[in-house]
Amino acid sequence: MQPTPEKYVLRRSSARRESFRIDYRGELNAAQYEAVVNSEGPFLVVAGAGTGKTRTLVYRVARLIESGIEPTSILLLTFTRKAAGEMLRRASLLLDGRCDRVAGGTFHSFANTTLRRFGRNVGLESNFTILDRGDAEDVLNLLRADRGLDRKERRFPRKQTIGDIISAGINRNTPLGALLESDYPHLLDHEEDLLALASAYATYKQDRQLVDYDDLLLKLRQLLAENQATRQHLSSVHRYMMVDEYQDTNLLQADIVRLLASEHQNIMAVGDDAQSIYSFRGANFRNIMDFPNLFPGTRIIVLEENYRSTQPVLDVTNAIIAGARERHTKHLFSKRSDGPSPLVIPTPTEALQSRFVCQRILELREEGTPLSDIAVLFRSSFHAFDLELELTRYELPFVKRGGFKFIETAHVKDALAHLRVINNPQDTVSWLRILLLLDGVGPRASEEIMRWIKSGPDVAQRLEAFPRRRFTLALQALAGLLRRVHQQREPEAQLEEILRYYEPLLKQAHADDYPKRRKDLDQLLTIAARYHTLEALLVDMALEPPTDSVGEVLATSPDEGLLTLSTIHSAKGLEWQAVFIIWAAEGRFPSTYSMRDDDIEEERRLMYVAATRAKRELYVSYPIHIFERGVGLVMGKPSRFIESLAPELLRPLTIVEESDDWTG
């Protein structure tokens, strides 16, 4: 038996340690430094709200590169392209242009890039079309009608509901039947038809090289799971992985992370279990809780020093989350010990709640806090309706986060449909949209035209040869457009051709607000000018579209700024000097529809997210007398998440109305 050799450890030389351009120890706190300097093996960084999570990731990218790791072997996965771009920009400012070569982006954009290279292994050609949510619902509606499921007497679910059910099943990795039983028991009678419809939807997309958002992740997981050579290649290329906002991942994304790290286990997940609030989108709280089990040997690093809020605000947020049934233990602290105590304000009625919020906002503005640094947050959008009216009376300008998105407007979808058929002639969803714009062409005629043009290789030629003379002029004009667009190479020039053709159709269909819609199309043209390939433009429009329609932007003085009204879900990641949380009443927050244990736990995390948006001033209010439809006035109770908080943490404030003989 051979004796076990002794080990002699070579320490890193002082010259090597001093070769880093960045003073990491001086720039970071102890926990951040630990996360930044360790590179090998699995790590879970539990980053409390406002604790410098982004800073930690930025410095880690720089440190890996300074350590001699090839930038292209680093993969940074985030939930928005903007977040990835900002991190890599900041890393470049810290270090140098090498950081630009790091692979960074969203799960969906990474899936898109990978599938365009390796997608043939799962039946996808490189020019597949990505359906946005509206397009996907249109396909479902078409298939629903083909099966006669749209007859009113059937009371079959609407296309939006069908889309939600299919998407939830994929993201939760749950069979459709089990999902119906748990979440849609009232639709169990339609189980057989829904299963058939889901199957037909999958076949329809596969036959036409179409993928929706869920397919991008589904196909990527399939590629990694079933094709060992591709998985090993991608895992070997991306040897150092970081995943931001890991608490927001769904089961599909967790599987993708596990498969991508299969060759090395060098994975750092960064997130906050206390901010897991997107289960309605498929996010799975268990992913961040079970990460150490998925990656044995995981080291957990907790970031607790908060750089956003004062300690009085943090004392409230710590107390809220302390009641959670399950969590990674952390206690946020700040060097900013000063600041006013957070307040809880029970108001006699909803109207007085709105008046209090408006009056206090005016006072804050007089005290020097700009409107742009004040936010009113709420559990559900309708909670703000009364407040919106009161803000208008007070002439306080505001913006409400959410609403109709730029990419969902009919005119923008029309323009993009023309570009999509140039890129993928098999895109029947876009063909249907284009043909229905033509005078006299209905669903039946458009189906006939689509069958006709599919039977020949030259689409423009087939359009001109369509036998029904009633449509000759319109189809000839469309054929001419396709030829002109094909002659252009740049997306901007292609879109200009389309808009010249589309303008009379736009005026005819939207005579009332044509100028506003034309502004949106001008904006689309400006966006197109940034791109050199049509494919890149279409991918970004599907995965990272602009959010606001130009005509919806409120006119206001740039010095004045806008007060923000927002659902809490839309406010995550943002911060303001002063935050009002309204309708913190039992039955509203948590909602009466969220009474299962898991739902209550997520509602608690939602309250935590809302409170951690405040830098200095936090106001939590609820009406005492609440009008319930069909019942009348009922007594309101404070939300269970604040009711148990000590008064020295959340100080009560009583509202009294000024009387005519009030003298102070």
Side-chain angles (χ1 to χ4, degrees), residues 79-82 106-109 111-112 115 124 128-145 150 156-172 174 176 179 183-184 194 197-198 200-206 208-220 248-250 252-253 278-283 381 401-421 423-424 427-434 436 520 524 527 537-549 552 567 569-570:
F79 275 82
T80 67
R81 188 179 61 172
K82 181 180 178 182
T106 66
F107 277 91
H108 289 87
S109 64
N112 168 69
L115 291 170
L124 284 178
F128 62 81
T129 295
I130 301 172
L131 300 175
D132 64 23
R133 184 56 191 262
D135 293 330
E137 289 174 357
D138 287 344
V139 172
L140 287 167
N141 209 36
L142 180 68
L143 297 172
R144 178 173 172 265
D150 58 341
F156 199 72
R158 297 176 303 157
K159 61 181 183 180
Q160 293 89 347
T161 304
I162 300 167
D164 289 343
I165 292 170
I166 293 173
S167 180
I170 291 170
N171 286 299
R172 296 189 203 170
T174 304
L176 192 141
L179 183 73
D183 288 32
Y184 301 89
L194 284 168
L197 193 57
Y201 177 55
T203 302
Y204 185 97
K205 291 181 292 180
Q206 187 69 44
R208 293 161 178 80
Q209 293 295 301
L210 306 172
V211 299
D212 59 26
Y213 294 151
D214 297 326
D215 291 328
L216 286 169
L217 301 183
L218 200 61
K219 294 285 188 182
L220 177 59
D248 292 338
T249 55
N250 60 32
L252 268 174
Q253 289 161 328
Y278 294 117
S279 65
F280 68 96
R281 295 181 188 167
S381 187
R401 292 181 63 82
F404 212 61
K405 294 183 178 178
F406 176 83
I407 200 69
E408 295 169 354
T409 55
H411 46 293
V412 171
K413 289 178 74 70
D414 288 345
L416 289 174
H418 288 82
L419 288 172
R420 283 175 171 170
V421 298
N423 186 61
N424 178 12
D427 184 351
T428 51
V429 176
S430 295
W431 270 117
L432 180 63
R433 188 172 196 95
I434 289 168
L436 289 175
D520 282 344
L524 183 62
I527 292 169
L537 170 64
L538 293 176
V539 165
D540 280 1
M541 285 297 100
L543 298 182
E544 295 278 347
T547 55
D548 295 321
S549 173
E552 298 301 319
T567 62
H569 286 104
S570 297

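For reference, positions follow the sequence shown, starting with 1. Computed from a prediction, not measured in an experiment: that's the story for all the values here.
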[atom1] of [X] to [atom2] of [Y]: how many Å apart, nearest 0.5 Å?
X: Asp135; Y: Asp427; atom1: CG; atom2: CG; answer: 7.5 Å
X: Ile165; Y: Thr174; atom1: CD1; atom2: OG1; answer: 13.0 Å
X: Arg420; Y: Leu537; atom1: CZ; atom2: CG; answer: 10.0 Å
X: Leu124; Y: Leu210; atom1: CG; atom2: CG; answer: 10.0 Å
X: Leu179; Y: Arg172; atom1: CG; atom2: CZ; answer: 5.5 Å
X: Leu216; Y: Ile130; atom1: CG; atom2: CD1; answer: 5.0 Å

Any side-chain heavy-atom pair of [X] and [Y] under 4.5 Å:
X: Lys219; Y: Phe128; value: no
X: Phe156; Y: Ile162; value: yes
X: Arg158; Y: Asp164; value: no
X: His108; Y: Leu217; value: yes

Is it the case that the side chain of [X] and the backbone of [Y] share a donor-acceptor pair, with hydrogens and angles ignored and the cut-off at 3.5 Å?
X: Arg433; Y: Leu416; answer: no
X: Arg208; Y: Tyr204; answer: yes
X: Tyr278; Y: Asn250; answer: no

Partner residues of Asp214 under the side-chain contact (heavy atoms from CB on, under 4.5 Å) criterion, sequence neighbours left out: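 Asp214 satisfies side-chain contact (heavy atoms from CB on, under 4.5 Å) with Ser167, Ile170, Asn171, Asp212 only.
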
Which atoms form the tightest heavy-atom contact between [X] and [Y], and what is the distance?
X: Ala417; Y: Ile434; result: O-CD1, 3.5 Å
X: Leu176; Y: Ala198; result: CD1-CB, 4.3 Å
X: Ser430; Y: Val421; result: CB-CG1, 3.7 Å
X: Tyr201; Y: Leu143; result: CA-CD1, 3.5 Å

Pairing residues for Asp248 by the salt bridge (charged side-chain N to carboxylate O under 4.0 Å, His left out) criterion, not counting sequence neighbours: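 By the salt bridge (charged side-chain N to carboxylate O under 4.0 Å, His left out) rule, Asp248 matches Lys572.
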
Leu538 and Leu419: CA distance, side-chain angles, deciding distance, side chain to side chain contact (heavy atoms under 4.5 Å, CB included) verdict: CA-CA 8 Å; Leu538 293 176; Leu419 288 172; 4.0 Å; yes

Asn141/Arg144 under side-chain hydrogen bond (donor to acceptor under 3.5 Å, both in side chains): CA gap, chis, key distance, verdict: CA-CA 5 Å; Asn141 209 36; Arg144 178 173 172 265; 3.1 Å; yes

Side chain to side chain contact (heavy atoms under 4.5 Å, CB included) between Leu142 and Thr428, worked out: CA-CA 11 Å; Leu142 180 68; Thr428 51; over 6 Å; no

Salt bridge flag under 4.0 Å for residues Lys413 and Asp138: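 No, this pair does not count.
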
